[in-house]
Amino acid sequence: MKIARFSRLGFILAAAGSAVGLGNIWKFPYIAGEYGGGAFVLVYLLTVLLIGFSIMIAEMLIGYLGRKDGVTSFEDLAPRNKALWKFGGFQGLAGLFIMIFYSVVIGWIFHYIVTSLSHLPSSVEEAESTFNTMLHSDVWTQLFYHTLAFIWITYVLTRGIKGGIEKMNLVLMPTLMIILLGMFAYAVSLDAFSRAVDFMFSPDWSKIDSDAFVTAVGHAFFTLSLGMGAILTYSASMEKGSNLVTNAFWVVFLDTSIAIVAGLMLFTFLYQYGSGPAKGPGLVFISLPAAFYEMGVIGNVFAVLFFLALAFAGLTSSVSLVEPMVQYFIDRFRWSRLRASVSMGLFFYLIGIVALLSNIDGYKEALTWGDKNFFDWVDHITAAIMLPAGGLVMALFVGFSIEKQRVEAALRPQLGIAFDAWYFSLRYITPVAMFIVMLSLMKVI
Ligand code: PHE
């Protein structure tokens, strides 16, 4: 059987499609707002540069050398302790868990594309009550759009690497970039742009406590799609002879620039037409639509385009969240792609309904533990714990388990003298940094 492989551009856009997601456009601005901007953004950027980029190369390497699903790739590549290392590949499960809330949020976005066509809220209060009504009492609307998201994602997965994943990314990613850059250009022309730059880049270190720190590091993993096997699984279908370092560079570069462009644009709009940076998940669903209203007719056009771009970002990430487990069942159990895609799709779809209900009055109480409901717990456990832990396992695996000659043979030609620095950081700096994060996490929980 001929194995489908990504083209070079196809791979970069698919991996960037995985990385650029709700994390960049929905989550990043609101957590940056929550933790006061500047200092938080810098911690995040430093993590991306110092840890994220090197783990991105390591994760790509596991997939590229392994050529199989995560579990099999770990098992095949480990010279010793195969039975233990193969558990590294089960990180793919984290993707399915993320999908539990991810798909619900994509559902909200679909709903906002439709409503923004005809109506925008005339005040933040109206926007807030519209959003809260949907979130806390409108089961059917949420269920309808969550179902649409499930159908779309599952369909693309059934079409496979070339005809599904690559094809979707080749169309949606450039479109998303054009939309964002167009709106960004408009934002740059507004007076408030400099205030947005200030908010995002002048650090106020007093705002950084251990909670902010862990959130920034966790977000760096989340936004780069690291530590769960999405990048690994895509890399298993990378063309032979590809340059991993250039590919990793492009993915990190696109992901980071899109987060910054989106953040600057949103904060500019919020300063110019709204009430300034808002906090919390409601930022793009509450404050932003009210700001779009103030723009007049162009606001409607912008709102629809913005939510379309957000939906595209979310959908391209979603398929990469499910693909690792799909690939696992295909490689290990010889399931057909159709069967694997539909089963995995149903998994996140059905549990996603529980997450959706955990925001609904009447169900909320039963689905809340401590200070978080089911929806927020899934978000927290995956982003703050599972992904950094997965990243740590990957760093240790490439740094200590796979033979150095093998790693060197693959990467020295691409990294040159930087190879030694990269290898050292993967073995010592990254694990120590991750360990510190884990420690402060224990205090946070
Ligand atoms: N990177 C995606 C985002 O920023 C989420 C994601 C995480 C996708 C992990 C795949 C793997 O939204």
Side-chain angles (χ1 to χ4, degrees), residues 12-32 44 47-48 52-53 55-56 59-60 62-63 70 89-106 108-109 149 153 156-157 165 168-169 172-173 176 180 215-235 248 250-263 281 284 309-328 344 348 378-391 393-394:
I12 293 178
L13 288 184
S18 166
V20 176
L22 303 183
N24 301 58
I25 310 177
W26 167 65
K27 210 168 168 193
F28 174 64
Y30 90 71
I31 49 179
Y44 149 79
T47 317
V48 166
F53 184 44
I55 297 194
M56 176 71 73
E59 185 168 339
M60 280 187 180
I62 304 175
F90 283 108
Q91 264 301 108
L93 278 173
L96 278 187
F97 295 156
I98 294 174
M99 275 310 289
I100 291 170
F101 71 90
Y102 216 81
S103 165
V104 176
V105 180
I106 294 183
W108 303 345
I109 299 166
I153 295 157
V156 174
L157 285 164
I165 299 176
M168 169 167 87
N169 279 289
L172 296 194
M173 285 306 287
L176 162 105
L180 285 184
T215 308
V217 176
H219 184 68
F221 275 84
F222 185 84
T223 186
L224 292 174
S225 299
L226 291 176
M228 62 131 296
I231 295 294
L232 186 165
T233 307
Y234 278 5
S235 304
W250 274 110
V251 177
V252 173
F253 173 76
L254 287 172
D255 185 70
T256 312
S257 3
I258 290 182
I260 290 175
V261 162
V284 305
L310 192 54
F312 291 171
L315 289 164
T316 50
S317 298
S318 298
V319 292
S320 81
L321 282 160
V322 192
E323 175 67 9
M325 288 316 284
V326 170
Q327 198 63 49
Y328 170 72
M344 296 304 111
F348 79 72
V378 180
D379 177 10
H380 181 72
I381 292 175
T382 48
I385 304 174
M386 294 181 86
L387 300 189
V393 170
M394 291 182 189

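When a ligand or atom number is given, it counts from 1 through the structure's own listing order. Note that these values count all heavy atoms, side chains included, but never hydrogens, waters or copies made by symmetry.
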Worksheet item: Identify the closest protein heavy atom to atom 2 (C) of ligand 1: which residue and atom is it, and at what distance?
Response: S18 O, 3.3 Å
Discussion item. Using a 4.0 Å heavy-atom cut-off, which part of M228 comes near ligand 1: side chain, backbone, both, or neither?
Written reply: side chain
Discussion item. Under 3.5 Å between any N/O of L387 and any N/O of ligand 1: does that happen in this structure?
Written reply: no
Fill in: Contact (N/O only, under 3.5 Å) between A19 and ligand 1
yes
Worksheet item: Nearest protein heavy-atom contact for atom 9 (C) of ligand 1: which residue, which atom, what distance?
Response: S225 CA, 3.5 Å
Discussion item. If we ignore hydrogens and angles and just use 3.5 Å, is the side chain of E59 paired with the main-chain N or O of G391 as donor and acceptor?
Written reply: no
Fill in: Given S317, S18, S320, the one that forms side chain to side chain donor-acceptor pair (under 3.5 Å) with S225
S18
Worksheet item: Is the closest N or O pair between T223 and ligand 1 shorter than 3.5 Å?
Response: yes
Worksheet item: Which of the atoms in ligand 1, numbered in the order shown and given with their element, are less than 4.0 Å from a heavy-atom of L22?
Response: 12 (O)
Practice prompt. List every atom of ligand 1 that sits less than 4.0 Å from any heavy atom of Y102, numbering the atoms from 1 in the order shown and giving each element.
Written response: 2 (C), 3 (C), 5 (C), 12 (O)
Worksheet item: Is there a side-chain contact between M173 and L254 (heavy atoms, below 4.5 Å)?
Response: no
Worksheet item: Is there a donor-acceptor pair under 3.5 Å between the side chain of T382 and the backbone N or O of D379?
Response: yes
Discussion item. Once you restrict to heavy atoms under 4.0 Å, what part of F222 touches ligand 1? Side chain, backbone, both or neither.
Written reply: both
Discussion item. Under a 3.5 Å distance rule, please check whether N24 uses its side chain to pair with a backbone N or O of D255 as donor and acceptor.
Written reply: yes
Item to complete: Answer yes or no: does an N/O atom from S320 fall short of 3.5 Å to an N/O atom of ligand 1?
Response: no
Fill in: G23-ligand 1 polar pair, N/O distance under 3.5 Å
yes
